[in-house]
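Order of the sequence lines sets the chain letters (A, B, ...), proteins ahead of strands, with each chain counted from 1.
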Protein chains: 2
Amino acid sequence: MPKTISSGLKEVARRAAVSIATVSRVINADPKVKGETALAVQKAIKELGYRPNRVAQRLRATTARRRLVGLLIPDIQNPYYVDIIRGVEEFAYSQNTTVIIGNFSQDPTKEELYIDILRSESVDGLIVATTPVTEEKVEQLIEDGIPVVCIDRGLKSLKADVVKTDNELGAIMATEHLISLGHQRIAHIAGDMEIPTTHERIAGYKAALKKHKLKIDPSLILSRKSDYESGVALTEKILAPKSRPTAIFTANNLLTLGALETLHRHKVKIPKEVAIVGFDDVYWATSLNPALTAVKQFGYEMGQQAAELLYKRLSSPQAPPASLIIKPELMVRKSCGTR
Amino acid sequence: MPKTISSGLKEVARRAAVSIATVSRVINADPKVKGETALAVQKAIKELGYRPNRVAQRLRATTARRRLVGLLIPDIQNPYYVDIIRGVEEFAYSQNTTVIIGNFSQDPTKEELYIDILRSESVDGLIVATTPVTEEKVEQLIEDGIPVVCIDRGLKSLKADVVKTDNELGAIMATEHLISLGHQRIAHIAGDMEIPTTHERIAGYKAALKKHKLKIDPSLILSRKSDYESGVALTEKILAPKSRPTAIFTANNLLTLGALETLHRHKVKIPKEVAIVGFDDVYWATSLNPALTAVKQFGYEMGQQAAELLYKRLSSPQAPPASLIIKPELMVRKSCGTR
DNA sequence: CTGAAAGCGCTTACAG
DNA sequence: CTGAAAGCGCTTACAG
């Protein structure tokens, strides 16, 4: 069984009749190499189908040139995070760097472990959607000199770059949309109170009500976890009393799905009996009946920006932390009805 | 700025007053190390918070112990593939190996590039959802001695392990369900003809019709690409003629979404005017109105199995290729109505 | 049971 | 402009 492919620099060097140092230089596009030599080497590389061993390169490389970034994601089943992944990956790809994803599925133990693993893989830096559980660990990373950019949620200590959505604004847009359609009793199915974005969205919801002189009814703000099941459970609660709200604002796409399932099961007509607007625009929103009005977060763009920020930080580690707040957009469709 | 964390084996060795060889041995749980010594080393490791550098380990390691596998995925936006990813990742995680995902977004150029990149990362092996474009390249991989297991679709040459769904059976189940509900004119919105699974599903559709003595009308089998837009376009086509079908069987979740959007836009009542059953069960299926009847592929389980097969192959490279055909399941909900 | 040494495939000062 | 050599952080025969 011949190992068809390149046993490395050495073979190329032999074939091109130069040293391995020279081969390495042309691989790294060192301008000091004479054109003629470079050509000969490139020819040999092509003929042998040589591809550098990234692992060896990485081991040898000084930081910031390892062409590997880590991405810590809370839940790969959530399409919002998939958008972020795609954005990060797209930018990384353009820089010839590969990204290694740590999907911890909302499991704190796994989250911590993944931070360790990614670090052990000698990444140039990390893009993380932090959880309060790991704030400390992430700060440790930064202290150890590993570049980190936070996505979706920042660090309390603000020591890292962050790109996130303007959650409060998004919630205001959603709520005002409902108000403009004449709704007065608007429920908010919020996410997990442990997560900072939850509070920002609640704040936006309240701000909108206040602005329009509507009373804030605490019994209309419900929260449990950020998952589908909570969407179901909380919607059931909302539907129970006789004076039920005429509209619901759900705080993320999983919650929305739970609410929808419940509404349909109870044969509640949308938007006639209850209107609904969700945080997170997703690819299946237009296939719903009625099509879902939703607050769009630009996950893909956020991912790209985060990757770009990480690269900037690699070249200037001492720069002060930057914050990128991305404005969301209200995608008006049919689930809230019309005037 | 102190580099807080371990500068490596050397420090641990010094602290435990042994050689780096010994430290390495306890890390790798070599039973030859005296218990006492091992304990001392473990203590030093803990105190220093030492974690082995995976890159160095990988460079040094002989094949099959690099703790890295590559996963080549056609489209991370498709929840079916996300299930597969989760399954692979779950098994890998249990083996302390990390997985690096190459998502090529249905772009053949990117697909080839990713194969090269993953190979350059010195993976122990690859799990790939091949595309005809890269069959050759994948076979080359195998010839070069890199273990490969195919997922979702096999290789024509059958040289690799494969785990896939019984697509024909799934299509039969979907079609027979429709037939049992009294449908006679059933359209099939098929996927991209370039993809082998498309043909298997068409075969199942035809087999079911034949079995029940229904005529196969070629004009009822439509195909373009496997994406959302095709679902829309083909459904428009179906809706046009006066004698339209009473039921649609869509070949994947994206196609289903496109069909749903179109049906709703044309105010076609589901299932009363047109029933629909889709291949691929997804998390949003129950939140649809009506809830979607669908053929469930066990993506998560398939991912796990694929990873396990890969591991088996690592230890016995010469074993004959194995095929794992997973039976799908029909999830009956509301979109096809009842008798 | 343990250590000294070679080497995995690269990159990069240092000479020349 | 190019080569010889050291070294990235590990593992593993080979001695003892």
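Between A:D124 and A:R67 there is no salt bridge, since no side-chain nitrogen of the basic residue lies less than 4.0 Å from a carboxylate oxygen of the acidic one.
The side chain of A:N28 places an N or O atom within less than 4.0 Å of a non-bridging phosphate oxygen (OP1 or OP2) of C:dT11. Using a 4.0 Å cut-off, some side-chain N or O of A:Y50 falls inside it from OP1 or OP2 of C:dC10. For C:dT2, one of the phosphate oxygens OP1 or OP2 lies less than 4.0 angstrom from a side-chain nitrogen or oxygen of B:T37.
Applying the ring pair (Phe, Tyr, Trp, His ring centres under 6.0 Å) test to residues at least two apart or on different chains, none of the pairs has a partner in residues 131-150 of chain B.
At whole-Å resolution of the value, CZ in A:R65 and C1' in C:dT11 are 13 Å apart. With rounding to whole Å, A:R67 atom CZ is found 16 Å from C:dC10 atom P. At whole-Å resolution of the value, CD1 in A:I45 and C1' in C:dC10 are 13 Å apart. For the pair B:D30 CG and C:dC1 P, the interatomic distance rounds to 10 Å; values are reported in whole Å. Atom NZ of B:K32 is separated from atom P of D:dT12 by 10 Å (rounded to the nearest Å). What separates CD of A:E121 from P of D:dC8 is a distance of 20 Å, to the nearest Å. Nucleotide C:dC1 holds its P atom 14 Å from the CG atom of B:L39, rounded to whole Å. Between the CZ atom of B:R66 and the P atom of D:dC10 there is a distance of 18 Å, rounded to whole Å.
Closest-nucleotide positions on DNA chain C for A:Q57 and B:A61 were compared, and the one nearer the 5' end corresponds to B:A61. Where A:S19 and B:A21 each meet DNA chain D at their nearest nucleotide, the meeting point lying more 5' is that of A:S19. Sequence order on DNA chain C of the closest nucleotides to A:I20 and B:A38 puts B:A38 first from the 5' end.
Between the side chain of A:R60 and the base of D:dG7, at least one donor-acceptor pair of N or O atoms lies under 3.5 Å. Residue-to-nucleotide contacts include a donor-acceptor pair under 3.5 Å from the side chain of B:R25 to the base of C:dG3.
Applying side chain to side chain contact (heavy atoms under 4.5 Å, CB included) to A:L141 and the options A:V148, A:L118, A:T134 leaves one that passes, A:V148. For the side-chain hydrogen bond (donor to acceptor under 3.5 Å, both in side chains) with A:R54, the lone residue among A:N96, A:T98, A:T97 that qualifies is A:N96.
One finds the CD atom of A:Q57 at 7.0 Å from the CD1 atom of A:I27 (value rounded to the nearest 0.5 Å).
Of the listed nucleotides (C:dG9, D:dT2, C:dT2), C:dG9 has the atom at the smallest distance from the side chain of A:L59. Checking C:dT11, C:dC10, C:dA4 against every side-chain atom of A:N53, the shortest atom distance belongs to C:dC10.
Residue A:V18 is in sugar-phosphate contact alone, with no base atom involved, counting any heavy-atom pair closer than 4.0 Å across all strands shown. Residue contacts for B:T22: at a heavy-atom cut-off of 4.0 Å it reaches the sugar-phosphate backbone alone, with no base atom in range.
The backbone N or O of B:P147 lies less than 3.5 Å from no partner atom in the side chain of B:R313, so there is not a single donor-acceptor pair.
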What does the 5'-to-3' dot-bracket notation of DNA chain D look like when only Watson-Crick and G-U wobble pairs under 3.5 Å count, and pairs to other strands show as |?
|||.||||||||.|||

Assess whether side chain to side chain donor-acceptor pair (under 3.5 Å) is satisfied between A:E139 and A:S157, documenting all intermediate values.
CA-CA 8 Å; A:E139 287 177 3; A:S157 60; 2.6 Å; yes

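For the C1' atom pair drawn from C:dG16 and C:dT12, the interatomic distance equals 16 Å after rounding to whole Å.
Within 6.0 Å of CD in B:Q95 there are more than 12 heavy atoms belonging to other residues, nucleotides or ligands.
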